[in-house]
Structures are given as structure tokens and as C-alpha cells.
There are 2 protein chains.
Amino acid sequence: MAGSGHIPEATVARLPLYLRALDEVAPSGQVTVSSEELADLSGVNAAKVRKDLSYLGTYGTRGVGYELDYLKFEIGRALGLAHTWPVVVCGLGNLGRALANHTGFTDAGFPVAAAVDTDLDKIGTTIDGVPVFAPAELGAVVSEFEIAIGVIATPASAAQAVADALVGAGVKSIMSFAPTVLVVPDDVELRAVDLATELQILGFHLHRSIENAET
Amino acid sequence: MAGSGHIPEATVARLPLYLRALDEVAPSGQVTVSSEELADLSGVNAAKVRKDLSYLGTYGTRGVGYELDYLKFEIGRALGLAHTWPVVVCGLGNLGRALANHTGFTDAGFPVAAAVDTDLDKIGTTIDGVPVFAPAELGAVVSEFEIAIGVIATPASAAQAVADALVGAGVKSIMSFAPTVLVVPDDVELRAVDLATELQILGFHLHRSIENAET
DNA sequence: ACGACTTTGTGCACGGCTTCACAATCACAA
DNA sequence: TTGTGATTGTGAAGCCGTGCACAAAGTCGT
Ligand SMILES: NC(=O)c1ccc[n+]([C@@H]2O[C@H](COP(=O)([O-])OP(=O)(O)OC[C@H]3O[C@@H](n4cnc5c(N)ncnc54)[C@H](O)[C@@H]3O)[C@@H](O)[C@H]2O)c1
Ligand SMILES: NC(=O)c1ccc[n+]([C@@H]2O[C@H](COP(=O)([O-])OP(=O)(O)OC[C@H]3O[C@@H](n4cnc5c(N)ncnc54)[C@H](O)[C@@H]3O)[C@@H](O)[C@H]2O)c1
């Protein structure tokens, strides 16, 4: 079964974890991995690992496990890892600079090729090897650097306008750090990373455990 | 029904969104909000909003909507927002500094009270108003500042050791940015924010839409 | 060649989340 | 007081993801 059919979203979200786990095993010279081992390394259930991999059409060998190199290749292919997707960072403030300076993204195939900011002092300069442009130049930047992904790291008040500009420039994938609801067309993939919300969820659990302790 | 019973995790994750949406409405002088309006502002389905709010035991008025101030109070109470939860940032590199310098966390009730780092040049100094300590001092720091949440922004290779140290110091909530699997006891709440994985998920969709276009 | 052992692939049942649809309920005007 | 219009609260159905459990299928030692 399985094969190149539809891959569930939950599975897609775990594929990068498997890939990372495999990279940790590789140096050991090991040739195969069992679903159990992969499960331990990636922090998920072994049955889930097997079901996930079955969606790729990747077959392991019963009694042995999965061939390491082949599995890495298959997961990488499913994720489209052969391609590199250049990123533009919008808003080079505290967070934007940290992102631009991060080498891990380039290593994963997502080089930060350019940035845009409204700050006149930054426009025209190169920060951490990343050239900075004015927002008005976004369209040209997207074509020039073949930008595939836009990262929004501006204040929340500017986020929707930046998102609109990215969409207008033809960008189909956006990752936003701005704590606000963004509206984008259906064919644009939006992932919102909301750190304050993450903290509030932690706060909720802290709060509740205290309440329960008092009871 | 409902009341102070168990609140589903999915609902908890949306409560901060509602709170943010309500803060946007407040200045308008409006007294009540309908579930529909709240749904638009927070980007979720109206029925979901009503069901979520019903878990809080917060009752709106049929034909009218929810009283704004009362709703804000109730959601805030459910999230434990009365309390402030001091945070320690572990690893003051690119990302750690951005986090430490971010005012939004303090505003939301999560002040960055202290940081730890192995860099001898940083230990003993104050960066962006945050005092920096050596990892060995973590236990003392946690008691001294009544730390409730630990944020891990060290290289992945050090993340598990830092997590262990946080757990050892009695911290029950951890937010990690390190791209690695962390193991913590059951009574410790761990939220892993993996930006490279987020990008890879976007990459997957880009990859697939290209594939489909070719077919 | 064969049996013992290992590990995969998946059918199935379960639980949680989402969404629809609508009766119940309230405000308010006449 | 009664009718009208609006909006909530929730039962029920459907969907998706999880995890168990086990037959199928391979390896390996003898
Ligand atoms: N710093 C953090 O650790 C952190 C944490 C969580 C969330 N965030 C969110 O990330 C976003 C950025 O945070 P920050 O701390 O880097 O803010 P910042 O104020 O340091 O930086 C914002 C940058 O965006 C630029 N900018 C403003 N309007 C712009 C526009 N229209 N187009 C392009 N650039 C524009 C500014 O010039 C500035 O350089 C905010 O929405 C913030 O809430 C930040
Ligand atoms: N910078 C980013 O935008 C970004 C994006 C995604 C993920 N991350 C992840 O976040 C983490 C931090 O990234 P960064 O760019 O800030 O790295 P960095 O190298 O700039 O900073 C790491 C900091 O941690 C300190 N450190 C090292 N070992 C430590 C220990 N045992 N205890 C305390 N402090 C220690 C170092 O002295 C340094 O200051 C990494 O795991 C990285 O993969 C970063």
C-alpha cells in the first residue's frame, strides 16, 4: 500500500525529526535502523514511525529494519530536500538579526538570501552577510534571489502589510513571528510561530498544577 | 455544564489568541463581542469559539454576546495570568539575546529575570538589563529569582545537559529552541520550538505544489 | 532445509477535535 | 405582555491521529 499518495500533515511534521535522528546514527557506521531505535531517537512511538514511513512507500526489511542511506534519501525526497529554498527575512530587529545570522537554516537548505527593513540606516548595507533592501524593492528582491519563503519579524502592526507585500511578490510560503492574526490567500502556506502564546500555555499548566496542589 | 472542569489542550492553545483579539477590540469602547466577531479577529471558527468559552464556565448572553471585560477577566484567570512567571534564558547567543531583549514577554507576564551562559566574558555582566550567571549557579538563580520557566537557547549539543540542570533546580516548564530531542520527567512540561522543522514543512508544501503542477 | 527469532506493515478500535445545525434563551420594541 | 430578532450552548456526526496487537515476511544459525 501507501506509495506516493497523500501524506498526512501530522506525518509531514515528523519527517524532519526522523531525518535528524538518522543523521545522529550515521556516524556510527550502522547500516540499518529498526523502527524502535528510530522511535527512541526521535521521541515518538515505534508503531507511529512505521506507519509514517509506510506513507512514503519506503519499505524496510522485516526482521532487519530500514536501510539507513536509502531511508535518508527517501525522506529527503519526500520533503523536497534536493531543492534549496531561499528565504527573505522581513524586519531586521532583535529577532530578524538572530535569524539572519543563524547558520542552521542554510545547512538545512534554507539560506537567508536577503532582508528588507524600513530602517534607512540598514538599507543598502550588508548585515551578517545578508544584503538589506527597502520594502518597496521586495518584488525585485523576490525575483532576483528566487525567494521561496518569507519570514516576518517586524512589529505586529506592520505584519499584515508585509504579508500582503510578500503575497503580491508571489511568495507562497510565509513564517511569521508577529503576534497577530494574518490573512493570506488559500494558496499561500502560513505558519505562525507565537512565542508569547507558547509561554502562556506553559503558564496555564503551572497555574493549574498549583491550583490542584491546593485542593 | 462546563465550568472549571478539564479544559482540552487544543482549547488552551487558543485562549491566548482570544485574549489578544479582545485587547484589539477594547479601545473601540465596545461593551460586548459576539462569537462571530471574536472568531474573525482570532482566525478561528465561530462554533469553536463558543465551545471553547463554554469550557471556562463563562456564559455569554444569548441574543447579545459576551461582556468584554468579564470575558477578558475569565480567560485571564483560566490562563493564570494574575501570576507573573519569571523566566531564565539559558544560552545568550544570537537567539538568547533577542529573547532577553524582547519586551513583549515581560508585558505578557513572563519577565526574563536572569540568564546563564558558559561564556566567561558574559558571566557577571548585565546584558539588556538581564544579569548573566554561570551554569553552576543555576540552582541558586532559580531560588533567588523564583524562576518558573526555563528557556533553552544553547547549541543542541548542550541542550540535554541544560534541561537536566533545569529539572534538577526544580523548574517544571521548559521551552526549547534546540533542534534535538529532549528527555524530561513526566511532571515537567516541555514545549519544543523547532524553526528548522517549520521551514522544512513549508519546503514540503512548496515541493509538492511544484510536483502537482508538473503532472 | 528448516525452525527459531526478529521486525515490519497494517487492520482495528479508541479518543480527541472540529463542524454543523438547531433548540433554548435573552433583549427589546410595540 | 407578547412577538420578533439575534445569539448562545450543545447534541451528534464525521474526521484525523494514535497505539495496540498480530499476521506476514524476512534473516540467521544449525
Ligand atoms: N525579539 C524576540 O525575541 C521576539 C520574541 C517573540 C516575538 N517577537 C516578535 O517578532 C517581531 C520582531 O521582534 P523584534 O524584537 O525583532 O522587534 P524589533 O523592533 O527589534 O525589530 C523590528 C524590525 O522591523 C523593522 N520594520 C518595521 N516596520 C517594517 C516594515 N513595514 N517592513 C520591514 N521592516 C520593518 C524595524 O525597522 C525593525 O528593524 C515582533 O512582532 C515581535 O513581537 C520577537
Ligand atoms: N539563531 C537563530 O535564529 C536560531 C534559529 C533556530 C534555532 N536556533 C537554535 O537555538 C540555539 C541557539 O542558537 P544561537 O544562534 O543563539 O547560537 P549561539 O551559538 O549564537 O549561542 C549559543 C550560546 O549558548 C552558550 N552556551 C553554550 N553551552 C552552554 C551551556 N552548557 N550552558 C549555557 N550556555 C551555553 C554559548 O556561550 C552561546 O552564548 C541553537 O540550538 C540553535 O540551533 C537558533
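Quick note on labels: first sequence line is chain A, next is B, and so on, each numbered from 1.
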Problem set entry | Spacing of B:Glu37 atom CD relative to D:dT8 atom C1', expressed in whole Å | 15 Å
Exercise. Side-chain N or O of B:Ser34 less than 4.0 angstrom from OP1 or OP2 on D:dT7?
Worked result: no
Exercise. How long is the line joining CZ of B:Arg50 and C1' of D:dG11, in whole Å?
Worked result: 13 Å
Problem set entry | Base C:dT19 to side chain B:Lys51, donor-acceptor N/O within 3.5 Å cut-off | yes
Problem set entry | Heavy-atom closest contact (A:Gln200 atom, B:Pro16 atom, distance) | OE1-CB, 3.0 Å
For this session: Take the protein atom CG of B:Asp52 and the nucleotide atom P of D:dT8, then report the distance between them rounded to whole Å.
Result: 13 Å
For this session: Mind checking the OG-OH spacing from B:Ser35 to B:Tyr18? Nearest 0.5 Å is all I need.
Result: 10.0 Å
Exercise. Between A:Leu56 (CG) and C:dT10 (C1'), how many Å, whole number?
Worked result: 16 Å
Problem set entry | Atom-pair distance (CD on B:Glu74; P on D:dG9), nearest Å | 12 Å
Exercise. Can you tell me if B:His207 uses its side chain to pair, donor with acceptor, with the backbone of A:Arg77 under 3.5 Å?
Worked result: yes
For this session: Could you tell me the separation between the CD atom of A:Glu36 and the C1' atom of C:dC5, rounded to a whole number of Å?
Result: 15 Å
Close N/O contacts between protein and nucleotides 25-30 of chain C (under 3.5 Å):
residue: C:dC26; atom: O2; partner: B:Arg62; partner atom: O; Å: 3.4

Exercise. Counting distance only, does the side-chain N/O of A:Arg191 pair as donor-acceptor with the main-chain N or O of B:Leu202 below 3.5 Å?
Worked result: no
For this session: Just call it for B:Glu9: base, sugar-phosphate, or nothing, with non-hydrogen atoms closer than 4.0 Å on any strand.
Result: sugar-phosphate
Problem set entry | Main-chain N/O of B:Leu92 paired to B:Asp117 side chain as donor or acceptor, under 3.5 Å | yes
Exercise. OP1, OP2 of C:dG9 versus side-chain N and O of A:Tyr66: anything below 4.0 Å?
Worked result: yes
Exercise. Which residue lies toward the 5' end of DNA chain D, A:Ala10 or A:Ala47, if each is placed at its nearest nucleotide?
Worked result: A:Ala10
Exercise. Should we count CD of B:Gln160 as having more than 12 external heavy atoms under 6.0 Å?
Worked result: yes
Exercise. What's the spacing between A:Trp85 CH2 and B:Leu199 CG if we round to 0.5 Å?
Worked result: 12.5 Å
Problem set entry | Interatomic distance, B:Leu71 CG vs D:dT8 P [rounded to whole Å] | 11 Å
Problem set entry | Atom pair distance, as rounded to whole Å: CG in A:Asn45 and C1' in C:dT10 | 14 Å
